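Here's the structure, in structure tokens; my notes come after.
Note that the structure is predicted; figures quoted are calculated from it, not measured. When a ligand or atom number is given, it counts from 1 through the structure's own listing order. Values below: every heavy atom of this structure, side chains too, minus hydrogens, waters and symmetry copies.
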Amino acid sequence: MSLTRSDWEQRATTLVIEGGAFIDGALRPAVSGATFDCISPVDGRVLGQVASCDQADAEAAVQVARARFESGVWSRLAPVKRKQVMIRFADLIEAHREELALLETLDMGKPITDALKVDVTAAARAIRWSGEAIDKIYDEVAATPHDELGLVTREPIGVVAAIVPWNFPMIMSCWKLGPALAAGNSVILKPSEKSPLTGIRLAALALEAGIPAGVFNVLPGFGHTVGKALALHMDVDCLVFTGSTKVAKQLMIYAGESNMKRVWLEAGGKSPNIVFADAPDLAAAAEAAASAIAYNQGEVCTAGSRLLVERSIKDQFVPMVVEALKQWRPGHPLDPQTRVGAIVDQQQLGNVLGFIEAGRAEGAQLLVGGQRVMQDTGGTYVEPTLFDGVSNAMKIAREEIFGPVLSVIAFDTPEEAVQIANDTPYGLAAAVWTSNLSKAHLTAKALRAGSVWVNQYDGGDMTAPFGGFKQSGNGRDKSLHAFDKYTELKATWIKL
Ligand code: NAD
């Protein structure tokens with residue numbers, strides 16, 4: 001039986017909010033005793049107090065993570081045993097799906113139906129998939145002369161710090177936790193200060209599943225204090241990050257200033273969604289274009305924020321997108337019918353409204369949206385917004401907005417479409433709509449992006465690597481390629 005808004009509201013009144021750091025298998029306050037308010041963007045309510053960790057907590061977590069790694073209690077466990085524990089962990093995430101979805105929605109404002117059906121499901125799948133893979137990955141034997149044996153093996157890297165953002169807190173965490181833990185590492189997760197709650201809960205479930213205490217630790221707190229302490233720590237072997245390009249660049253500096261820890265970055269995007277006149281189904285393309293900017297309030301790294309439309313169909317196609325976008329109205333996040341929830345906080349709301357103002361000021365035509373709404377709730381809601389007549393030089397076309405603001409840009413030829421699409425510092429994702437097979441392949445090849453979708457937006461699953469070209473990052477989450485980040489490659493050469 002599906003739950004109603006009042007069922008969810010009722011559950012919210014008894015929901016346990018755990019705000020402690022999770023170190024060595026136990027919740028604890030920050031060493032300093034400091035806390036910060038965890039504020040819900042749904043209605044501006046303070047959900048609880050969360051430990052504000054700093055260098056002292058980072059020190060404690062790294063020490064225990066290192067000790068547990070060296071002990072071999074997890075790192076030297078047979079892969080098949082780690083697999084069994086990871087699968088139990090995924091089962092527990094699914095068993096706690098309603099609790100986790102409610103925490104996620106209250107903490108960062110996304111619609112409860114998405115939290116339940118997308119976020120919890122994808123988080124569990126990432127843990128399960130990585131666990132199931134780990135006893136099927138073989139090492140290599142080199143092509144050696146008769147009297148030598150060359151072994152090429154992968155070993156867990158050691159202590160991994162994972163710093164994640166607030167837009168998909170559980171999914172981004174589990175894309176990293178899955179392969180990092182399955183490969184035998186110890187992990188310290190640093191969730192965003194805007195969405196710390198599910199990360200803390202995941203650590204308790206991992207312990208319950210059988211991941212030894214101290215192997216998976218969580219340090220909530222602000223990035224420039226505890227995140228920085230982890231990034232500069234001499235005993236962290238690997239730093240994996242999802243977040244903005246600005247912070248990603250800073251993390252590379254921290255690694256260079258400390259121990260040259262491996263740094264893997266998933267950063268921002270400004271993804272082009274290219275609709276050619278010969279798209280097989282313009283109605284489907286219009287629906288997808290609306291969803292690509294409105295889903296998750298546009299707070300998506302791969303949001304299709306630049307809609308490139310062939311000029312010959314623009315007058316027909318843009319009104320179809322406007323109509324589709326009108327179906328994405330903000331609503332109360334605990335209402336199961338809601339498709340657009342709250343923007344994560346006041347600061348991000350201000351950013352989004354600032355971009356809308358910039359679009360107006362630069363002369364783009366606002367065709368739908370553009371307003372803050374539902375102010376009486378105390379929450380932070382904004383209408384999905386579409387600007388037509390945008391040039392790729394405008395601020396709204398160049399900078400990542402991370403909100404539901406779509407820019408429509410016209411083009412005349414496939415070459416021009418590719419030129420505009422690639423004219424960005426980012427290279428995370430792109431989509432192409434055409435019935436012409438050759439044009440689809442040639443455009444996909446020419447696009448400088450880590451993911452390209454044809455006649456759909458946002459395809460793929462755990463089998464597909466995910467990550468960026470250019471300033472969208474390096475390395476890949478998901479798929480077997482993700483294990484490369486969490487292992488060191490060793491050549492052992494034996495004289496027989
Ligand atoms: P952000 O860069 O502000 O913060 C990300 C994380 O880094 C947070 O946990 C934050 O506390 C921490 N942090 C901030 N400053 C730090 C510092 N000096 N040292 C160490 N850690 C620090 O990003 P955000 O606002 O949380 O998330 C939005 C960004 O994330 C967008 O740019 C979006 O494109 C990107 N994102 C990328 C992907 C991807 O897979 N490529 C996925 C989701 C989000």
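Within the structure, every pair that satisfies the side chain to side chain donor-acceptor pair (under 3.5 Å) test and touches residues 120-131, not counting sequence neighbours, is listed here: D91-R128, E94-R128.
Atom NZ of K228 is surrounded by 12 or fewer heavy atoms from other residues, nucleotides or ligands within 6.0 Å. Enclosure of atom CZ in R448 is not indicated, since only 12 or fewer non-hydrogen atoms of other residues, nucleotides or ligands lie within 6.0 angstrom.
F411 is linked by a ring-ring contact (aromatic ring centres under 6.0 Å, His included) to F276, counting only residues two or more places apart in sequence or in another chain.
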Side-chain polar contacts of residues 156-176 - donor-acceptor pairs under 3.5 angstrom, sequence neighbours left out - could you list them?
| residue | atom | partner | partner atom | Å |
| --- | --- | --- | --- | --- |
| N167 | ND2 | E299 | O | 3.1 |
| S173 | OG | P169 | O | 2.7 |
| K176 | NZ | T242 | OG1 | 2.9 |
| K176 | NZ | D477 | OD1 | 3.4 |
| K176 | NZ | D477 | OD2 | 3.0 |

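The side-chain heavy atoms of I293 and S305, taken from C-beta on, include a pair separated by under 4.5 Å.
Near ligand 1, residues I163, V164, P165, W166, N167, M172, K190, P191, S192, E193, G223, H224, G227, K228, F241, T242, G243, S244, V247, L251, Y254, E266, A267, G268, C301, E400, F402, L428, F466 each place a heavy atom inside the 4.0 Å sphere around the ligand atoms.
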